[in-house]
Amino acid sequence: MTNGRCLALATLVFALAGCQSPPADRPLTSDVPEPPGFAPPPETCQAAAARFGLGLRVSPLLVEEMRQRAGARMARTVPPADSPDPAQDATRLNIQVEPGGRVAGAYCG
């Protein structure tokens, strides 16, 4: 074979390789579906919605219901005279519980 024929054959091989169809898993257009959406976590809690529990005896079920109604990500019980936690969390519900076990207040933070 001469150099001209080798060059022509190589060009033909590369041209045919470029004409192959794309893989099946690759979209043929630039339109790609968006990823699935997820519910965003709550931005802040609403302590006023949890005030129904004032005066009730604290229990795990009551704490969970207060958390859900307030839209908080988490809830915890604290003594009424407890100083605020320096690590404030706008999605946390703090439930103030008296020594006798009754809910005295609720606030977010």
If every non-hydrogen atom of E98 is compared with every non-hydrogen atom of A104, which pair is closest and at what distance? CG-CB, 3.6 Å
Quick check: does any side chain N or O of R51 sit under 3.5 Å from a backbone N or O of A106, one acting as donor and the other as acceptor? yes
Nearest 0.5 Å please: distance from the CD atom of Q96 over to the CZ atom of R76. 10.5 Å
Co-membership, hydrophobic cluster, residues I95 and L54, 4.5 Å side-chain: yes
Within the side chain of R73, is there an N or O that forms a donor-acceptor pair under 3.5 Å with the backbone of C45? no
Using only atom types and a distance under 3.5 Å, with no angle test, would you say the side chain of N94 pairs donor to acceptor with the backbone of A75? no
Is there a continuous path of hydrophobic side-chain contacts, each under 4.5 Å between heavy atoms, that joins V103 to V78? no
Is any side-chain heavy atom of P60 less than 4.5 Å from a side-chain heavy atom of V63? no
Atom pair CG (L93) and CD (Q68), whose distance is rounded to the nearest 0.5 Å: 11.5 Å
Got a donor-acceptor contact below 3.5 angstrom from the R67 side chain to the A72 backbone? yes
Say you draw a straight line from CG of L56 to CG of L61; how long is it, rounded to the nearest 0.5 Å? 12.5 Å
Which atom of A47 lies closest to which atom of C108, heavy atoms considered: N-SG, 3.6 Å
With sequence neighbours excluded, what pairs up with E65 under the side chain to side chain contact (heavy atoms under 4.5 Å, CB included) test? F52, R69
What one should report as the nearest heavy-atom pair of R57 and R102 is N-NH1, 3.6 Å
